[in-house]
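Just below is one structure, and these are the notes that go with it.
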Amino acid sequence: MKTRRITNLLAAAVLAVASGASLAQAKEPIRIGMVTSQSGGFTAQGEDSLRGMQFAVDEANASGGVAGRRIEVQIGDDESTPEGGRRVAEKFARSGYNLLVGPIASSISLALGQNLQRWDALYVSTLSKSDRITGDSCNMRMFQANHSDAMDLAIVQPWLKDNAKEKRFAILANDYIWGRDSAESFTKAAQKLGKEVELSVFAPIGTKDFAPYIAQLKNSGAEAVWVALVGRDLIAFAKQAAEFGLTTSKRIIGHAYIMSFVVKATDSATDGVWGVLNYAPEIDTPRNKALVAAWRKKFGRDPSENEVAGYSGIQVIVQGVEKADSVKPTAVASALSGATLDTVWGPAVMRAEDHQLVKPNYVGRVKRVGGELRPVIETAFEASIATPAPTTCKL
Amino acid sequence: MSATLTAPALDGAQVKRASRLPRLLSLTSVAVAVGLAVSMLVESNTVMSLLTQAVIYAVFALGLGFLLKQNGMVSFGHALFFGLSGYLVGVGASLTGSVGTVVVLTIAGIGFFAFALALVIVRVPGIAFGMLTLAIGQSFYVLVSKSRGVTGGADGMSIEFPPRVFGLEIGAFQDPASMFLISWLALVALVLALSLLLGTRFGPLTEAIRENEERVRFIGFRTLLPRAVVFAISAMVTAVGGALSALYTGFVSPESLHWSVSGTVLIMVVLGGSRTLWGPAVGAVVYYLFRDYVGEHTTHWMGIFGVSLIAVIVLWPAGIAGGVMHAVERIKRGSGRHA
Amino acid sequence: MIGLQILNGLVYGSLLMIVASGLVLIYGLRRVVNFAHGSLFMLGAYIAYAAAQQFGFWVGLVAAVSVLAAVGFCLDRFGFRLLQDRDPLTVMLVTFGLLLVFEDVVQSVWGKQSYSLAAPESLAGTVELFGSPFPVYRLVIVAAGLAVAAALVGWLRHSRVGLFIRGASTDPVTTAMQGVNTDRLSGGVVAVGAALAGLAGVVSGPFLSLSPTMGSDILIDSFVVVVIGGLGSFAGAFVAAMILGQVQALGAVYLPDLAALLPFALMTAVLVWRPSGLSGSRT
Amino acid sequence: MTMTYALEAKGLSVRYGGVTANDGVSMRIAPGEIRGLIGPNGAGKSTFIDALSGRRATAAGSVHLAGRDITALGVVERRLLGLSRSFQRTSIFPGMRIGAQMELAASKIPDADADEVMRELGLDRFADRHANEIGYGDQRRLDIALALVGRPSVLLLDEPMAGLSIEESMKLARHLRELARHWGVSVLLVEHDMEVVFGISDSITVLETGKLLAEGAPAEIRAHPKVREAYLGSAA
């Protein structure tokens, strides 16, 4: 009796698999290699973006695939290092999963970009921000779906001009290339508007106790502080800034600060912090509304910016395959170059000159919405302001 | 009897050395043949690229293992020589077209640098030495991450190689199948060279220093110089690994200098066994294959690896190589008894 | 301003001292360089977090310290004791393996995101110090550090166990020959060492964030402290922790460009000057 | 008449950590002489050997080897000039083959013959064994063998008989006599076994709390009232 039931079940399963297979056989599946950080310094962001990518894939497969193609994925851990990312990506690409997406650190994205030709692969960057991805390291097979650093900084000056009464600023940034660049750009933007930067302090990456820096910031005459810190440092700073009352005495404006994982990891410490915001659920486009509704149905909450970044990366690949009607990386790449894509930010052009996705950007603030603390958009900047012109890239 | 007694010590040593050479050479040719066979028989590019990585790290592990074997010292900073080598090759390649010269100069330069460094630091005993190398390595990691300009800071540096390197097309270094062979031959050559070196008085001398440094001075040898030389050779072998890695990937990043890389390679060394020269290399290959296999099936590879590492260390104190040697000896003894 | 910075250095120094004294205890008695110490620190923080969610900070603190003491006891009983004849490198790598296992366990139970452990209500808020509000909780950390130091000194100076520990730290062979049962002693001592790591984890919770990598972050700083102090020396570790705290706090202000290098530079300088650390002999 | 002593210490003082371990000790050892050095525990015998061999820095005084001032020389130079020593805690190379370590010890000294020394000390049959595989008595002899390679002119022995059986001790004692007679090796012997010391020494020096207490032929020392009081009285 029991045996027969199992046999029936098996038969049904075989049938289901067979019919799925016959569908997939119609066209070659889309094979995506998701290379993301499951260990090391970027683990938390990696988990978020992976959830977003997986959601996009499930959504597409549930609706019968993309133009008759199913999506198949491989998921690998880049250990938050370029070496690890390169190893996993090469393995995926060489075994046919040559549409790559996922890394967080820019160094990993750049290491992949270097090898795409050799592996016959294509890569869509979704969480890296380095300008070099669309600058001196750009190439035919690499696409930037994320907001680049240049984009984040491009809106600082227009925002300061119309929205900031403060005259004097201080800067706290991590002591490495990204933090220094951010500080430099902010200083330029402020000075152009006749404002002053009274103090710039740079904390080494991996700083645990920010008290010495907070004391300097508090002691300065600045009315607001521009903060450019990464990951764990940022979380430690956020908590300690609140502890010392810095958050209430000066306006804090963050470069990559007001993100859901930071807000969640610091209780109410980020309440009232301002900053550049790449995504928020209230963005008013049909695609975003649909995403937020579906996400709420599945997870009972709004998607975070990292989750949406992952989601959008898969969207770019999927639309590239649709337009090319091929899964060959070269075909997908030429279809994507210059194409207008349907994104959660509305229609957006994948700029042919440097493969930067041209999209709007926002400044927001952490607020309580329905009892829950989250970043909320305060000012939106349209794509023409938010996306600076191509720089050194020659494609 | 009395005739042999007049100068027996030297004669004995020479006889031993003479009988070692043919055995070494035949082992070397077997190793070369194995490399050729693997590169021809393995068809999958995925497997090939994994093996290439493993062999490059085997060179790194060979260097670190040499230090442990001949000096008894644990370095948590050897990634410094690995990463620095990659950066020097990268910067050199951007300045001149003759990458072969750059690689040779890089390895020699790192040898001098390590030698000078060792003269200062080898006096520090035991685990504090390990921590000191960690501190020096991390300092360079921080410097390279922070620096702008040539090294590209935390974003890493892409290397533009000229079309030909060492008389070969650059493609040969970047294709897994041919690069596997190149790295394998480098590994075999280095093992052979180190074996020959250890066949001279340098071998027993450094071994004795490792065992009991003070006593070595009381039998009339200065110990600072040999220890510094071991450190320098170890750094140079590691630098060869770094140069191979840079050639293969065309990319260097500060992470390659991070202490966790040194830690990982140290695990390879102990896993493989540091009592033989080839043990660490075996450890590197096993580590890569293991991680690839486990990583494919579970996200808990770290925990599984931790448990396996503990098990291997506890069960086989002399590592995989030690276990193999032990088994071989038992078989030999067993068959000897029967014969 | 400088007074404030010295106070800041004192806070971080106290935290480091609590972690490092655990390391010193374990090294002193077992000659084990415990790489898993950072993960014990992390485990303490997570256990406190889990318990605090239900029962508040103080229960979390007690839970973390007791669980960690138990973990430490097991670590010695089923680990270090069985490995005591092995060479130090082997044992060190076993603790490295444990580090990987602990991190995996924490990730499996609590996931990969960061958490925040809130300071208890009674210790929240600030007091006016050097003309600027200073969090009360940070003063509590300094107090905790002093309390731990005093308790350790008292224990080591004035108890029989302490005498044995001091003996075993300086010369394990002789102590063993004098009939001290190192095995019986060390279960308790490693338990205390692990509990100190756990305590430091809990204490740091409210001003650092909880993440699966928090252990590795603190580990390097603690090693720097222990090595600068001279392995196995409590006095050395106390002094080194305070120096490192000051170097980081004052370095951040007066030598900002070198701040990241200062701990390593300090360690290199000390070891080149005195190869066995501050408390060690010169030979 | 001036005589060139094999080894001469002039007013040697050693201090560490506020303790004066040797306080102005002078001693002269003739070529081929066996000198016993005795004294209660903590008298500074091992420290004296450490100071002579260059292992420990001296605060005052000088050391002369065959008339040459070697006070400023290091351990290595002293060994190469012919001043050699053994250790109280056996100091060998545990993980190395005995033949290999003896050969290494021989390689720095011209005309040194490792095999002969091994034969003399009965170690030749262990040449292919690792040092940690042989018995404790054999390890003690290996320690001395390492010191003997190259026939040093002066041999400092720090309790060489400790841990040896009576039979082994007697054998070693005979061997030391032979070394002194046939090879002209001067021996400074620190030893707790009074029977051995008084049996083979040409003369004996007594140290107490770092200072020279008495010096003379075995019979004189045996009869010396202060020595009896300070040392022999309790021990013998």
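Sequence lines set the chain letters: A, B, ... in the order given, protein chains first and strands last, and positions in each chain run from 1. Since we're looking at a predicted model, the values are computed, not measured.
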Check the orientation of [X] and [Y]. Use parallel for under 30°, tilted for 30 to 60°, and perpendicular for over 60°.
X        : Y        : result
B:Tyr57  : B:Tyr288 : tilted
B:Phe166 : B:Phe173 : tilted
A:Phe55  : A:Tyr311 : tilted

Side chain, backbone, both or neither: which part of B:Ser158 has a non-hydrogen atom closer than 4.5 Å to chain A? both
Which answer fits B:Gln174, side chain, backbone, both or neither, if we ask what part of it has an atom under 4.5 Å from a heavy atom of chain A? both
Euclidean distance, A:Glu83 CD relative to A:Asp78 CG, rounded to 0.5 Å: 11.5 Å
With no hydrogens and no angle check, just 3.5 Å: does a side-chain donor-acceptor pair link A:Asn98 and A:Trp119? no
Tell me whether the centres of the aromatic rings in B:Phe81 and B:Phe60 are closer together than 6.0 Å. no
For [X], is it the side chain, the backbone, both or neither that has a heavy atom under 4.5 Å from a heavy atom of chain B?
X        : value
A:Asn174 : neither
A:Ser128 : neither
A:Asp175 : both

Options A:Pro204, A:Ser106, A:Ala111, ranked by heavy-atom pairs under 4.5 Å with chain B, top entry: A:Ala111
Comparing A:Arg180, A:Arg87, A:Glu90 against chain B, the one with the most heavy-atom pairs below 4.5 Å turns out to be A:Arg87
